[in-house]
Amino acid sequence: MERLKRRQDFVAAARAHYAAMPGLVVQMRARGDGAPPRVGFTATKKIGNAVVRNRVKRRLRELARLGLSAEARPGHDYVLIGRAPTPERAFPDLENDLSAALKRLHRTAHPPADKGTP
């Protein structure tokens, strides 16, 4: 699965649909093309120091490798955002969080709320 690397792609995904779960937040943006899905990962400084943030991103990458590749739709961008409980949360619980978030996002048809971003 292709990775998101440009800030512009992350910002576009932040304006789209999202689902917040106890272990992570998933943002999804429909690009409108038939290209393979892309995925990006984020862990903010609120989570902890660099060691903790890197551990969170490694866990999110493994989640995407195992679960997202089967459920992701072509022409969509996904951003997985780590939360404070992500480093200690059991991996099967994180898998369940990701699966539930994707189900919620894929059935959502109404536009996202305005988050006040310009």
Side-chain angles (χ1 to χ4, degrees):
M1 189 173 295
E2 192 176 331
R3 294 273 307 268
L4 292 177
K5 295 181 181 176
R6 298 182 333 180
R7 183 178 188 280
Q8 173 183 341
D9 294 330
F10 282 92
V11 170
R15 291 191 190 123
H17 298 285
Y18 72 96
M21 304 305 284
L24 70 147
V25 176
V26 180
Q27 297 173 338
M28 180 188 76
R29 176 179 79 103
R31 293 189 314 265
D33 59 11
R38 300 184 304 179
V39 64
F41 308 96
T42 302
T44 65
K45 287 187 177 183
K46 291 182 199 177
I47 294 173
N49 62 17
V51 173
V52 174
R53 291 194 309 270
N54 285 328
R55 181 177 299 133
V56 166
K57 287 189 275 188
R58 281 195 305 269
R59 295 187 90 196
L60 294 176
R61 280 194 297 270
E62 184 65 11
L63 271 176
R65 187 182 72 80
L66 294 175
L68 190 62
S69 58
E71 297 183 42
R73 293 184 178 173
H76 286 74
D77 288 341
Y78 298 90
V79 176
L80 277 58
I81 303 172
R83 299 182 88 177
T86 306
E88 293 86 26
R89 193 155 169 87
F91 199 77
D93 292 339
L94 285 175
E95 289 177 316
N96 292 338
D97 289 345
L98 177 62
S99 179
L102 290 175
K103 286 177 186 172
R104 183 185 301 170
L105 287 170
H106 288 155
R107 75 169 180 251
T108 303
H110 42 88
D114 181 20
K115 298 178 188 174
T117 55

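One-based numbering along the sequence shown.
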Minimal heavy-atom distance between Met21 and Arg83, with the atoms involved, is O-NH1, 2.5 Å

CG of Leu63 to OG of Ser69, rounded to nearest 0.5 Å, is 11.0 Å

Taken to the nearest 0.5 Å, the spacing of Asn54 CG from Phe41 CZ works out to 13.0 Å

Treat each ILVMFWY residue as a node, draw an edge where side-chain heavy atoms are under 4.5 Å apart, and state whether Val11 and Val25 are in one component.
no

Output yes when a side-chain donor or acceptor of Thr42 lies under 3.5 Å from a complementary backbone atom of Ile81, and no otherwise.
no

**Report entry** Residues Asp77, Val79; criterion side-chain contact (heavy atoms from CB on, under 4.5 Å); working and verdict
**Finding:** CA-CA 7 Å; Asp77 288 341; Val79 176; 5.8 Å; no

Q.
Apply side-chain contact (heavy atoms from CB on, under 4.5 Å) to residues Lys5 and Phe10 and explain how you reach the verdict.
A. CA-CA 8 Å; Lys5 295 181 181 176; Phe10 282 92; 5.7 Å; no

**OP:** Output, in order, the C-alpha distance, side-chain angles, deciding distance and verdict of side-chain contact (heavy atoms from CB on, under 4.5 Å) for His106 and Met28.
**Re:** CA-CA 9 Å; His106 288 155; Met28 180 188 76; 3.4 Å; yes

Hits for side-chain hydrogen bond (donor to acceptor under 3.5 Å, both in side chains) against Arg53, two or more places apart or cross-chain, chain-then-number order -> none

Leu94 and Leu24 have their tightest heavy-atom pair at O-CD2, 4.0 Å

Residue set satisfying side chain to side chain contact (heavy atoms under 4.5 Å, CB included) with Arg6, at least two apart, ordered chain then number -> Gln8, Asp9

For Arg65, the side chain to side chain contact (heavy atoms under 4.5 Å, CB included) test, sequence neighbours excluded, returns Glu62

Correct closest heavy-atom pair for Tyr18 and Gln27 would be CB-CG, 3.9 Å

Those residues at least two apart in sequence (or on a different chain) that pass side-chain hydrogen bond (donor to acceptor under 3.5 Å, both in side chains) with Arg59 are none

Looking only at heavy atoms, the pair that brings Ala84 and Ile47 closest together is N-CG1, 4.3 Å

Between the main-chain N or O of Arg73 and the side-chain N or O of Tyr78, is there a donor-acceptor pair closer than 3.5 Å?
-> yes

Those residues at least two apart in sequence (or on a different chain) that pass side-chain hydrogen bond (donor to acceptor under 3.5 Å, both in side chains) with Asp33 are Arg31

Shortest non-hydrogen pair, Pro37 vs Pro74, comes out as CD-CA, 3.9 Å

Interatomic distance, CG@Leu102 vs NE2@His76, rounded to 0.5 Å, equals 10.5 Å

Is there a side-chain contact between Asn96 and Phe91 (heavy atoms, below 4.5 Å)? no

Taken to the nearest 0.5 Å, the spacing of Arg29 CZ from Leu4 CG works out to 8.0 Å

Take Leu80 and Val39, measure what side-chain contact (heavy atoms from CB on, under 4.5 Å) needs, and give me the verdict at the end.
CA-CA 8 Å; Leu80 277 58; Val39 64; 4.0 Å; yes

- Side-chain contact, heavy-atom cut-off 4.5 Å: Ser99 with Glu71? yes

Minimal heavy-atom distance between Val52 and Pro87, with the atoms involved, is CG1-CG, 3.8 Å

So salt bridge (Lys or Arg N to Asp or Glu O under 4.0 Å) across residues 92-104, not counting sequence neighbours, yields Arg89-Asp97

